[in-house]
Amino acid sequence: MKYEFHTHSPEQTEKIASDFADMIKGEKNAFIAMYGDLGAGKTAFVRGLASVITPGARVKSPTYTIVNEYKGEGVSLFHFDLYRISDDDELYSTGFYDYLSKGICVAEWSENTPWAIPKDAYKVKISKGVSEFDRDIVIEKD
Ligand code: ADP
Ligand code: MG
C-alpha cells in the first residue's frame with residue numbers, strides 16, 4: 001500500500017495521522033517508522049496517532065529519554081526518537097527490542113537504525129513543501 005497526502009497546517013497533519021491510527025489501531029504490535037528532517041512534523045504526526053490510540057496522552061519529543069510510553073485502554077504506544085542512536089548496542093540498551101512485542105511502536109529518525117526496522121513496518125515520510133506550512137506525507141507498507 002502507498003498513500004500520499006499534502007497538508008497545509010500541523011492540524012491537518014495530525015488529522016492524517018489520526019485517520020491512519022483508526023485504520024491500524026487493531027494491530028497490537030504495529031510498528032510505524034518515521035522519516036524526515038528536523039521540523040518536518042514527525043512529532044505532530046505522533047500527536048495525531050496518540051489522540052486515537054492513547055487519548056489524553058501528552059506527546060512530546062523523547063529526544064533525551066529516547067523513548068516515551070503513553071498508556072491507553074489495554075494498549076501502550078511507545079514513542080522513540082532515534083536521533084542519538086548510532087549502533088545496535090545503544091539501541092538494545094533502550095529496551096527497543098523488548099517494546100516491539102509490548103504495544104504499538106512509532107520511531108522518529110528511523111533513518112538512523114535501518115537494520116532494526118521490522119520488515120512489516122508502516123513507513124511514514126514527511127517532507128517540507130514550498131511554503132512554510134506545506135508538508136508532503138507518504139505512508140507506505142511493502
Ligand atoms: P519533527 O518532530 O519532525 O522535528 P515537529 O512535529 O516537532 O517536527 O515540528 C514541526 C513544526 O513544523 C512545528 O513547529 C509545526 O507547527 C510546524 N508545521 C508547520 N506546518 C506544518 C504541517 N503542515 N504539518 C506539521 N507541522 C507543521
Ligand atoms: Mg520530533
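Not measured: the values here are computed from a predicted model. Excluded from the calculations below are hydrogen atoms, water molecules and symmetry mates; all remaining heavy atoms, backbone and side chain alike, are included. Atoms within each ligand, like the ligands themselves, are counted from 1 in listed order.
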May I ask you to check whether Leu38 has an N/O atom sitting below 3.5 Å from an N/O atom of ligand 1? no
Identify, for atom 5 (P) of ligand 1, the protein heavy atom at the shortest distance, and state residue, atom and that distance. Gly41 CA, 3.9 Å
For Ser9, counting its heavy atoms only, list the atoms of ligand 1 lying under 4.0 Å from any of them. 21 (C), 22 (C), 23 (N), 24 (N)
Measure the shortest side-chain to side-chain distance between Lys2 and Val138 over non-hydrogen atoms and say whether it is less than 4.5 angstrom. yes
Answer with side chain, backbone, both or neither: which part of Asp37 has a heavy atom less than 4.0 angstrom from an atom of ligand 1? backbone
Pick, from Lys42, Arg47, Arg135, the option with the minimum heavy-atom distance to atom 12 (O) of ligand 1. Arg135
Any N/O of Asp134 closer than 3.5 Å to an N/O of ligand 1? no
Which bit of Ser61 gets closer than 4.0 Å to ligand 1, counting heavy atoms only: side chain, backbone, both or neither? neither
Under-4.0 Å heavy-atom contact between protein and atom 14 (O) of ligand 1: no
Nearest heavy atoms of Ser76 and Glu69, plus distance in Å: OG-OE2, 2.8 Å
Could you tell me if the side chain of Thr13 sits less than 4.5 Å from the side chain of Pro10, heavy atoms only? no
For ligand 1, indicate whether the residue Glu108 contacts it via side chain, backbone, both or neither (heavy-atom separation under 4.0 Å). side chain
closest protein heavy atom to atom 23 (N) of ligand 1 is Phe133 O, 2.9 Å
For Ala44, the ligand 1 atoms with a heavy-atom partner under 4.0 Å come out as 6 (O)
Can you sort out the partners of Asp37 under salt bridge (Lys or Arg N to Asp or Glu O under 4.0 Å), two or more places apart, ordered by chain and number? none
The Mg ion (ligand 2): which protein N, O or S atoms are under 2.8 Å away? Thr43 OG1, Glu108 OE1
Please check if a non-hydrogen protein atom sits closer than 4.0 Å to atom 17 (C) of ligand 1. yes
Residues sharing Val67's hydrophobic cluster, by side-chain heavy-atom contacts under 4.5 Å among ILVMFWY, directly or via others? Phe31, Tyr35, Leu38, Ile66, Phe78, Phe80, Leu82, Tyr83, Ile85, Leu91, Tyr92, Phe96, Tyr97, Tyr99, Leu100, Trp109, Trp115, Ile117
Side chains of Asp134 and Lys128, heavy atoms from C-beta outward: is any pair under 4.5 Å? no
Residues clustering with Val59 (ILVMFWY side chains joined when closer than 4.5 Å, directly or via others): Met1, Tyr3, Phe5, Ile16, Phe20, Met23, Ile24, Ile32, Met34, Phe45, Val46, Leu49, Ile53, Tyr70, Val75, Leu77, Ile104, Val106, Tyr122, Val124, Ile126, Ile137, Ile139
Heavy-atom closest contact (Lys119 atom, Asp142 atom, distance): O-OD2, 4.5 Å
Looking only at heavy atoms, which two atoms of Gly36 and Glu111 are closest? And how far apart? N-OE2, 2.9 Å
Locate the shortest heavy-atom distance separating Ser51 from Ser18; write the atom from each residue and the value. OG-CB, 3.7 Å
Between Ala107 and Ser110 the two heavy atoms that sit nearest each other are O-OG, 2.9 Å
Give me the nearest non-hydrogen protein atom to atom 24 (N) of ligand 1 as residue plus atom name, then the distance to 0.1 Å. Thr13 OG1, 2.6 Å
Sub-3.5 Å donor-acceptor pair from the side chain of Ser9 to the main-chain atoms of Gln12, do we have one? yes
With heavy atoms only and a cut-off of under 4.0 Å, state how Thr43 meets ligand 1: side chain, backbone, both or neither. both
Starting from atom 10 (C) of ligand 1, locate the nearest protein heavy atom and write down its residue, its atom name and how far away it is, to 0.1 Å. Gly39 O, 3.4 Å
Apply salt bridge (Lys or Arg N to Asp or Glu O under 4.0 Å) to residues Lys125 and Glu140 and explain how you reach the verdict. CA-CA 9 Å; Lys125 298 174 188 176; Glu140 58 187 330; 3.4 Å; yes
